[in-house]
Amino acid sequence: MFIKPKIKREIYLDHAATTYCSPEVVAAMLPYFTEVYGNPSSLYHKGREANGVLNDSRRTVAKLVNALPENIIFTGGGSESDNLAIYGVARAHESRGKHIITTTIEHHAIIHPLEDLQKQGWEVTYLKVDEEGFVKVEDVVKAIRPDTVLVSVMYANNEVGTIEPIADIGREILKYRKENNTTYPFFHTDACQAAGYINLDVEKLHVDLMTVNGSKMYGPKGVGMLYVRRGVRLKPLIVGGGQERRLRAGTENVPAIVGFAKAFELAQQQIESESKRVGDLTAFMWKELQEKIPKLKLNGPELGDRRLPNNLNVTFIDVEGEAMLLYLDEYGIMCSTGSACTSESLDPSHVLLAMGLPYEYSHGSLRFTFGHCNSKKDVEYIIKYLPDVIKQLREISPVNMGNVKHAKYKK
Ligand SMILES: *Cc1c(COP(=O)(O)O)cnc(C)c1O
């Protein structure tokens, strides 16, 4: 019943889930699997060689975020860095207070540790966001109490691309600490989605802790870092050897760390050109969608500099997300739905719900995230087939999403 494409292409539009490794990154990593394989803690030359490259990688990364090498803790990815920030601060500072502030749209790697801490007697304030997913700076300030030890606000949201006012929040927290003559609360940001598109200068952002991972910026998976400002004590999650300033035991994953540093360096060099390129693709796709498909709603901020340039999150009203996803897969198009990023779960996205989107609308949403491999041809291909898929799905299995008042939508 659907027109099948003559030549099926493979179009990957899920770069916010993960990216492939860029060839330069793979090339940079290779020698550290087979040649320079020593344990960085060993004293003979092969160990020293590995330790040397570990230090080089740490220097590279430190420079990118305007920090010192000793402020960088390499970890096993974004989730681990987030966990280390939350549990690490909580456990090292609980005698001072047991209150943490965060937002309702954080990644589960933040939310789940916090929910766990709540079961252990901690209090957590989840700040609301507006319709576009923005947290208000003054709400953060108002929520700070004498027993608040940590504030954690993500830099850019993985589902709708909202870029939070991290530098402004950081400045206000500094002001609070100065006025109250205290070193608390510390400020953490999860910058996993931001690293490819935004400069991450920890001094300009006034953050004390920052999470970055490799797998969203053409680096390897399972590697990341936590920036930790001098003077911020943490309790480690993993103990054993004394690696990473005793904050993360275990033989360092040298090839992955080398790849991470390389990917981070390349990503930061290409911020301007890549933002422009994928930003144009996103804008083109959104324009075409609006022209060819009725009843759409853009989720998140208007396209522009308050949103990640590669993110397009759209609700196709009266169509079910999973159905669209499966049909698009038939055409070789890969994207994700608003039902969380774990495919096992059909729960509607907590991010879209937090932005006030009705439950049904959240189920009818698709997230397209562009990246290096995409071109205008990809968008043209999608636009050729998607309108018909949507039209037919609306006819054969319409999901009546009703006339939901507080959801603004086009047409
Ligand atoms: C992907 C992601 C994570 C988790 O990173 P992993 O490296 O997969 O553990 C955490 N936070 C955000 C915002 C992410 O996008």
Side-chain angles (χ1 to χ4, degrees), residues 12-21 25 61 72-88 102-115 126 129 133-135 151-164 166 187-198 200 205 207 209-227 237-238 248 250 253 255-257 259-261 263-264 267 300 307-313 335-338 340-345 349-352 354-355 367-371:
Y12 186 71
L13 282 174
D14 207 11
H15 292 80
T18 191
T19 51
Y20 32 89
C21 271
V25 168
V61 168
I72 307 297
I73 309 299
F74 288 121
T75 68
S79 300
E80 189 189 319
S81 297
D82 283 349
N83 273 256
L84 180 57
I86 300 287
Y87 284 119
T102 190
T103 78
T104 46
I105 61 160
E106 298 299 308
H107 193 274
H108 285 126
I110 294 289
I111 292 186
H112 289 165
L114 288 174
E115 287 174 350
Y126 296 90
V129 295
F134 290 104
V135 63
V151 176
S152 183
V153 178
M154 71 195 323
Y155 201 162
N157 182 267
N158 42 305
E159 294 189 37
V160 290
T162 307
I163 298 170
E164 302 295 345
I166 296 302
F187 183 31
H188 168 254
T189 190
D190 175 347
C192 289
Q193 294 288 337
Y197 298 101
I198 311 172
L200 300 177
L205 294 174
V207 292
L209 302 126
M210 180 168 71
T211 295
V212 182
N213 68 352
S215 72
K216 312 287 170 63
M217 55 177 186
Y218 311 97
K221 305 187 206 321
V223 63
M225 61 166 247
L226 183 67
Y227 158 76
L237 298 175
I238 303 168
R248 209 272 184 174
N253 189 346
I257 290 168
F260 171 73
F264 199 1
R307 180 184 187 119
L308 286 178
N310 73 331
N311 176 295
L312 189 62
N313 188 314
C335 60
S336 71
T337 68
C341 39
T342 47
S343 55
E344 312 95 69
S345 145
S349 143
H350 69 286
V351 174
L352 296 179
M355 288 159 50
R367 178 189 71 180
F368 305 96
T369 43
F370 289 83

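Keep in mind that what you see is a predicted model, and the values were worked out from it rather than measured. Just follow the structure's listing: the first ligand is 1, and inside any ligand the first atom is 1. For reference, positions follow the sequence shown, starting with 1.
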Aromatic plane relationship, Tyr12 with His15 - under 30° parallel, 30 to 60° tilted, over 60° perpendicular: perpendicular
Return a table of N or O atom pairs, ligand 1 on one side and protein on the other, at distances under 3.5 Å, rounded to 0.1 Å.
unit_1	atom_1	unit_2	atom_2	d
ligand 1	5 (O)	Asn213	ND2	3.0
ligand 1	7 (O)	Gly78	N	2.9
ligand 1	7 (O)	Asn213	ND2	2.8
ligand 1	9 (O)	Gly78	N	3.4
ligand 1	9 (O)	Ser79	N	2.8
ligand 1	9 (O)	Ser79	OG	2.7
ligand 1	11 (N)	Asp190	OD1	3.4
ligand 1	11 (N)	Asp190	OD2	2.6
ligand 1	15 (O)	Gln193	NE2	2.7
ligand 1	15 (O)	Lys216	NZ	2.7

Heavy-atom closest pair, residues His350 and Thr104: CD2-O, 3.3 Å
Within residues 216-226 or reaching into it, pairs that qualify as side chain to side chain donor-acceptor pair (under 3.5 Å) - sequence neighbours excluded: Thr18-Lys221
Pair Thr75, Ser81: side-chain N/O donor-acceptor within cut-off below 3.5 Å: yes
Thr369 side chain to Asn311 side chain, donor-acceptor N/O pair below 3.5 angstrom: no
Tyr227 side chain to His188 side chain, donor-acceptor N/O pair below 3.5 angstrom: no
